[in-house]
Amino acid sequence: MSIKEADRVLPVTTRESDSTRERRSVLRPSRIRLYEPLVIGTLSVVLALTVWQLVANARIWSVLFLPGPWDVAQAFVQLFQSDDIWLDIATSGEELAIGYGMAIVIGLLIGLLMGWYTRFQYALDPFVNFFYSTPRIVFIPIFILWLGIELQPKIAVIFLGAVFPIIINTMAGVRNTEAALLRVARSFGASDALTFRRVVLPGSVPFILTGFRLGIGHALTGLVVAEYIAAKHGVGQIIAIASQTFQTPKAFAGVVLIACTGMLLTTVLHRIENRFQSWRPQIK
Amino acid sequence: MYDRSAKLAAKGVVIEYWLQRSRSLFTAVKGVDLEVRPGELLAIVGPSGCGKTTFLNAVDGLIPIAGGSLTLDGREITKPGRDRAMVFQQPGLLPWRTVLGNVVFGVEAQGSMSKGEAIARAKQQIELVGLKGFEDAYPLELSGGMQQRVNLARALLTDPEMLLLDEPFAALDAQTREMMQLELLKIWSQTRKTALFITHDIKEAIYLADRVIVFTRRPGRVKTVVDIDLSRPRDLRVKRDPQFLTYEDEIWESIQEELAVPAERLIAGVPAA
Ligand SMILES: Nc1ncnc2c1ncn2[C@@H]1O[C@H](COP(=O)(O)OP(=O)(O)OP(=O)(O)O)[C@@H](O)[C@H]1O
Ligand SMILES: [Mg+2]
């Protein structure tokens, strides 16, 4: 029979469901496919936590060395019951907001200028290369010397950490503008300003947002390391003191707090990135 | 000598590229003489790499000429202008803009229309090229033929005196190409714009044009001019007309002579990719 023959050429994997073969529109995933990332992701996290808990329960190492997830959770709750925590969070938050905020504004500006004006790039390239290839945290002692142990040295190191990935990615975005699009703009007599605003800038958005996202990682590194070294308050300081005083679960709780902040900010940026990509067909 | 009635006049046009790698000048076009009459649709055919795109870019004002003169309405062409609009071989659409946004881009860049007017006219133009209902689609959601319609509509919306088309249908499949040719003819017969059309496809050239110009191999020059005396309006049947086939043979032979060169000269003529 002809239907039987048609069946034979179907890929092996769909054989069993031949009779009930589901009809779907292209690019419209089934419900299960939609939730698959979430389900598998959650399961793997649960699995990892379970293994961790079991290893900790075995008590091969003391809780001071390896607390289990439950210990960390308890420490986390305790942490938020202490009086100082909000001051610490406010301090770190302020440092982060100012340092990262400045990095976004200045990095974007310099990156766009360097991408658009070749001569500007030639002039600044040596400095960008110098700072970008140096781990910015090596400047912390100097900043502490210059700026003390209040917020300023942290802001400086956060700024320095985040600004270069933003500059470099923004510049790459501008530079990567498709030549064909520039030729179209020129052919229709577009002014430089219009070409920049309507062609170069929108095309650079994905690069710019990638720069922002990379910047967050560098900013958090700068923040925590600077607070480890010298600070009055701050989440980095909590971690440093907790581990020095063998409150290991509390140190872990601090780490979780930093990690959550990083993930939260990265997710927000991912969302923004997706908004800007609505024109891209979602092919999976 | 100088024909005042010509829309576009090219006299001994030489175009050179500077090759940074070999630090030498490369002559792509050498001594093109041609005239395009007002309202005429002139097609240029020629072997690949003979300088057709190069010549068209110079007409659009995107690249300078190294010798000769190139005038539009008697004025020397030095830069792109509102009197010309190019339909590119690659559609060159802004991927983040919808069809409507892309069609208005040309007039937006020229600053020649208010936004409201541009949008209203763009909608008509979109209808004219057969894309009604796709105003809000993004380029990546369109087929190649539809993207070329957007490319065409963008150029038409600027209402140029001269339309420059660089193999606009080359990337399309045979059926879509024939449909697009038909539509281009329809639009052209309504507007009667002067048009310079580059193509690889001899049939396409004969079908569309009033005259077909054959370029020599690189460095390109005008080799033959063939007047196409086929009545308009033309439909697809004209492609089977005996006269059509005669033109086809004539042009094919002319190009053939340009291809029939010793292999070593062909290789020597093409710069390493
Ligand atoms: N930007 C460039 N720099 C250097 N050489 C170039 C450049 N563009 C084109 N050429 C050279 O000039 C010659 C003519 O190129 P052009 O693109 O005008 O050919 P064409 O006739 O349009 O060919 P095709 O029919 O394949 O599109 C070619 O030999 C090519 O290698
Ligand atoms: Mg070409």
Side-chain angles (χ1 to χ4, degrees), chain A residues 24-29 112 115-116 118 122 169-170 172-212 269-284, chain B residues 53 56-63 77-99 101-113 115 118 136-143 147 150-151 154-160 162-166:
Chain A
R24 288 190 277 115
S25 309
V26 181
L27 306 186
R28 180 168 176 183
L112 291 176
W116 191 240
T118 320
Y122 295 157
N169 280 280
T170 304
V174 175
R175 283 283 137 98
N176 270 304
T177 308
E178 243 184 273
L181 296 184
L182 290 177
R183 189 143 30 89
V184 169
R186 211 152 69 78
S187 170
F188 285 108
S191 66
D192 279 359
L194 188 132
T195 306
F196 186 77
R197 265 186 304 130
R198 299 277 186 255
V199 180
V200 174
L201 203 51
S204 309
V205 166
F207 288 83
I208 293 172
L209 290 174
T210 302
F212 286 1
L269 271 170
H270 253 311
R271 286 275 159 85
I272 299 176
E273 268 180 83
N274 287 339
R275 278 187 69 107
F276 276 101
Q277 307 273 316
S278 59
W279 48 269
R280 222 182 265 284
Q282 307 285 309
I283 297 171
K284 273 220 162 167
Chain B
T53 297
L56 201 70
N57 282 338
V59 174
D60 196 35
L62 289 172
I63 54 175
I77 291 171
T78 52
K79 58 180 197 315
R82 283 184 197 178
D83 41 13
R84 284 149 288 152
M86 177 92 98
V87 181
F88 293 87
Q89 177 165 3
Q90 299 300 326
L93 306 177
L94 301 174
W96 54 85
R97 281 200 180 193
T98 61
V99 165
N102 270 290
V103 171
V104 297
F105 181 73
V107 286
E108 182 183 340
Q110 292 182 343
S112 53
M113 248 184 234
K115 198 173 170 189
D136 297 327
Y138 288 100
L140 291 180
E141 299 163 351
L142 302 180
S143 70
Q147 293 184 13
V150 179
N151 187 5
R154 177 177 62 193
L156 288 172
L157 187 63
T158 65
D159 195 22
M162 187 164 187
L163 204 54
L164 310 172
L165 305 108
D166 187 6

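Both backbone and side-chain heavy atoms feed into the values below; hydrogens, waters and symmetry mates do not. Proteins get letters first, then strands, A, B, ... in listed order; numbering begins at 1 in each.
Rounding to the nearest 0.5 Å gives a distance of 10.5 Å between CG of B/L94 and CZ of A/R198.
The shortest side-chain heavy-atom distance between A/F188 and B/D60 does not fall under the 4.5 Å cut-off. Between B/W96 and A/V205 there is no side-chain heavy-atom pair separated by less than 4.5 Å.
Using a 4.5 Å cut-off between heavy atoms, B/Q110 contacts chain A through both its backbone and its side chain. For B/L164, no part sits under 4.5 Å from any heavy atom of chain A, backbone or side chain. Of the two parts of B/R154, the backbone and the side chain both hold a non-hydrogen atom closer than 4.5 Å to a non-hydrogen atom of chain A.
Taking all atoms of both residues into account, the shortest heavy-atom contact from A/S187 to B/M86 is OG-CB, 3.7 Å. Here the closest heavy-atom approach between residue A/L181 and residue B/P95 is recorded as CD1-CD, 4.3 Å. Summarising the geometry of B/F88 relative to A/V184, their closest heavy-atom pair is CE1-CG2, 3.7 Å, with the distance given to 0.1 Å.
Of the possible donor and acceptor atoms, one in the side chain of A/R186 sits under 3.5 Å from a partner among the backbone N and O of B/L62.
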